[in-house]
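Just so we're on the same page: letters track the sequence lines, and every chain starts at 1.
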Amino acid sequence: MSIYDSLNTEQRRAVEHTEGPVLILAGAGSGKTRVITHRIAYLMDECGVNPWNILAITFTNKAAQEMRERVDKLIGFGAESIWISTFHSMCVRILRRHIQEIGYSTDFTIYDTDDQKTLMKEACRNLRINTKELKERTILAAVSSAKDELMTPRMYQEAHQYDFLQKRIGEAYEEYQRLLHKNNALDFDDLLMKTVELFTMREDVLRNYQERFRYIMVDEYQDTNTAQFELVRLLAGTKKNGGRNLCVVGDDDQSIYKFRGANIRNILDFEKVYPDAFVVKLEQNYRSTQTVLDAANAVIGNNHNRKSKALWTRKKEGSRVHLRQFNTAMEEASFIAEDIEKKKRQQPALNYRDFAVLYRTNAQARLLEERFIMGSIPYNVVGGTNFYERREIKDMLAYLKVTDNGRDDLAVRRILNVPRRGIGAATVEKVSHYAAVSGDIGFFEALEKLCDGPASGILSTSVIGKIRPFVEMIRGFRDALSDGLSLEDLLKRIIRETGYEEYLRDTEEEDADDRLANIDELISKIVTYEEEAAELGTDDISPVSGEGATALSGFLADVALVADIDDMDENQDRVLLMTLHSAKGLEFPQVYIAGLEDGLFPGYLSINSDDHDAMEEERRLMYVGITRAMDDLTLTCARSRMLRGEVQYNPVSRFVMEIPEELLDERPGAPRGRFSFGYDEDDEDDFRTDMPARRFPERGFSSRPAPAGTGTGTQSPGARAGGRDTRLKAVYVKPHTPDEKKPFIGRASAGLSSLQKGMPAAAEPDYGVGDRVRHVKFGEGTVTAMEKGPKDYKVTVLFDDAGQKIMYAAFARLEKQ
DNA sequence: CGCGAGGATATTTTT
DNA sequence: TATCCTCGCG
């Protein structure tokens, strides 16, 4: 009995095909991690491949960690010398060793989004860019996508020489890079781009790694961007130099990171780049019930750009997908909290950790949290603000950074006056200038010179008197560190000497305790790090610290690359709350997807976007969400919800409508209440606000639309404006209230959003009594009566098959035959 | 220089 | 709504 016997035929083929390019299309829950780990084992056990010749790349540290654990279990000895790491840590590790070849020094620091913003602000100031007209945010976004596409500042400028705004962005990009370089810092995207640059410029270095990584595996391949693709392509080498043992694993249906530059074509076109690729599809799902799978398949089936796949399972049918609709988001949250308790009572085998609540935006977590606290349900919110982005943590890290590397000007400036030392902007400005004219020395160095040297007249003695203690304190930290003080004690000493605790208590009474707790957390993280460092020896403590790196810089580099999800501890018995994005790659017996409303999920941006892909990406996100569920899936939505200070009224998400009715335990109803878009014959109800939470239209009157993409029944594609999904747009128009055709999403009061443009008004129908018409659902029929009702035209139709129906013109979407 | 008030502004999603 | 930024005063 070998370990490979547990694999199914397809998995086995994927495992045993070790040579040449391989594409594994792995549907959700099809055991792809198993395939990768077994493949690694197979390479070592059966093919005699050395572990150090194997590279496995993932996207998150958590995935990397999990993979390593599983490989360890499978093969034991030797697993530790396999490179299993994320793209970013891999790049850091390579750059720590070779970046001097392209003009940086190997002790570079990594800037997070916050630092990027600060730096870009400086770049704009230098270039006299008015950040009111051209926001740093915008520039940074452009720079980031340029880097994803491996575009240098020069290339950017050349590509946009005739567009004034773009040209300015190009200049800002260039200046920003200059500042990064001056600070000996790389931002996130640089890690990838600089590695590619290194490999392109130094063929010998590339050769070196090509020879080392004879077998490469890439997980979540659908999420790779151009830079990552190029990196992999370079590492994999060519047929001639004996490489190309590249195995990529992914699922185009789970590509949800386009906004971050992910290029779905990387997976769709893999066979074009590698025509001799061996392709395996894993379609057997080991996770979910048939019902859940059917729902997922139905939803994703509405997307066009995909490799066809049909998941199936041997698991039982399972219970239907639960659908619950509420009047407010508060009720929705209460329901979820109560439902979890109810299920736990009914099925004592369930633990809190078996539940997850997923949502589109982080902001939605708040209400849920409130209710969970109220019901004393243990929970954990994953994501939101990253631990390492919290102010107090960044302050502490800045002290550590300055102690470690004085060239990080940003860090120095961050803490120079934190806690307050009476050193202000004017002084910072003078010191910066002094640093610039003294041969572009670092900020801290400039501070030192101004304190140590003879009175230069640049700073007054009183200011020097404020700076000197700071400089001396930092020096003290440095000395202590080189005398062998542990990181833990260093951090404690920093807190003590700076008086940070008192500073927190003085300035913010409210959450000082929370912040102090966070600092304690940081201390324990640093302790853990040191313990691991002691165990493994400095080189292997972290995937990112190359040789030559001190323990401190190793810790700092690690920290920069940690995502919130990486810290998730599945041993805690807590309900997990997280975004759909964070949930990718996870599974739970009980899953809730909350906030299923058009305008929220799919977000209004994608509903209104001209980019057809945007909606498909949202749908993939829904697919990811559904397929997280093992046994039970509950979908919830609210008719009204408070969003950034205003109440919004949104209809049920179109994605819910795409799930076949027979899979749901309740029918999606038309939203009720004041802003209902009305559908029932007895329209009086539609304006009652005290409707019971759940009430569904009569049979046959659901507002279920046809699947997107198939058009609206007989409507020929493209017949309507833009050929896009115009059907649902009608939903936003309040029926026939002549001077009030406002969208229901976006602002409920004033402020007409762009949604309004191009919206079909509830116009007079182009048919009359006696005309033959066709309805999406009921088929053909004859109009027998028409009456101008209070809100809209009330049309009575005698359908050939479905009998007589009375409906409103704006929603019936009757087509004259 | 520090602090507070008030206004603007953002809101998908995150390695 | 919550945070962030700017501006003006003490």
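- Because its NZ or CZ atom is both nearer than 6.0 Å to the ring centre of A:F443 and within 45° of the ring axis, A:R413 counts as a cation-pi partner of that residue.
- Remark: A:F199 pairs with A:Y209 by the ring-ring contact (aromatic ring centres under 6.0 Å, His included) rule, at least two apart or across chains.
- Every residue meeting the side chain to side chain donor-acceptor pair (under 3.5 Å) condition with A:E197, not counting sequence neighbours, appears here in chain and number order: A:K194.
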Only pairs under 3.5 Å count here: list side-chain donor-acceptor contacts from residues 254-262 of chain A, not counting sequence neighbours, and write none if there are none.
from, atom 1, to, atom 2, distance (Å)
A:Q254, OE1, A:R628, NH2, 3.2
A:Q254, NE2, A:D251, OD2, 2.9
A:K258, NZ, A:D611, OD2, 3.0

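- Of the two residues contacting DNA chain B, namely A:D189 and A:N417, the nearest-nucleotide position lying further toward the 5' end is that of A:N417.
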Sort me out a list of protein N/O and nucleotides 11-13 of chain B N/O pairs below 3.5 Å, or just none if empty.
from, atom 1, to, atom 2, distance (Å)
B:dT11, OP2, A:R137, NE, 2.8
B:dT11, OP2, A:R137, NH1, 2.7
B:dT11, OP2, A:R137, NH2, 2.6
B:dT11, O5', A:R137, NH2, 3.1
B:dT12, O2, A:R360, NE, 3.4
B:dT12, O2, A:R360, NH1, 2.4
B:dT12, O2, A:R360, NH2, 2.1
B:dT13, OP1, A:N362, N, 3.1
B:dT13, O2, A:R360, NH2, 2.4
B:dT13, O2, A:H581, NE2, 3.4

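- Taking atom CG of residue A:D223 and atom C1' of nucleotide B:dT15, one finds them 10 Å apart after rounding to whole Å.
- Using a 4.0 Å cut-off on heavy atoms, the residues of residues 114-129 of chain A that approach DNA chain C are A:K117, A:K121, listed by number.
- Partners of A:F601 according to the ring-ring contact (aromatic ring centres under 6.0 Å, His included) rule, which considers only residues two or more places apart in sequence or in another chain, are A:F655.
- Taking the centre and axis of the six-membered ring of A:Y649, the NZ or CZ atom of A:R639 falls outside the cone set by 45° and 6.0 Å.
- With hydrogens and angles left out, the side-chain atoms of A:N362 and A:T579 include no donor and acceptor closer than 3.5 Å.
- If you check the side chains of A:T361 and A:Q364, you find a donor sitting under 3.5 Å from an acceptor.
- Chain A approaches DNA chain C over the interval C:dT1 to C:dC5, counting the first and last nucleotide 5' to 3' with an atom under 4.0 Å from its heavy atoms.
- Ion pairing between A:K584 and A:E220 holds under the 4.0 Å rule for side-chain N and carboxylate O.
- Between the C1' atom of B:dT14 and the CG atom of A:L192 lies a distance of 14 Å, rounded to the nearest Å.
- In this view, A:T427 satisfies the side chain to side chain donor-acceptor pair (under 3.5 Å) rule with no residue, not counting sequence neighbours.
- Annotation: side chain to side chain donor-acceptor pair (under 3.5 Å) contacts of A:S653 (sequence neighbours excluded): none.
- Using a 4.0 Å heavy-atom criterion, one finds that A:T427 contacts the sugar-phosphate atoms exclusively.
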Contacts under 3.5 angstrom, residues 458-471 of chain A side chains, donor-acceptor by atom type, not counting sequence neighbours:
from, atom 1, to, atom 2, distance (Å)
A:S460, OG, A:S462, OG, 3.2
A:S460, OG, A:V463, N, 3.3
A:K466, NZ, A:G422, O, 3.1
A:R468, NH2, A:C451, O, 2.6

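- One can place CZ of A:F188 at 8 Å from C1' of B:dT14, the figure rounded to the nearest angstrom.
- Checked against side chain to side chain donor-acceptor pair (under 3.5 Å), A:N183 has no partners two or more places apart in sequence or in another chain.
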Next item on the list: Would you mind building the protein contact string for nucleotides 4-9 of chain B? One character per nucleotide, 5' to 3', B for base within reach (heavy atoms under 4.0 Å), S for sugar-phosphate only, - for untouched.
Entry: ------
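- Among the protein residues, A:R366 comes within range of the sugar-phosphate backbone only, with heavy atoms under 4.0 Å from sugar or phosphate atoms but none that close to a base.
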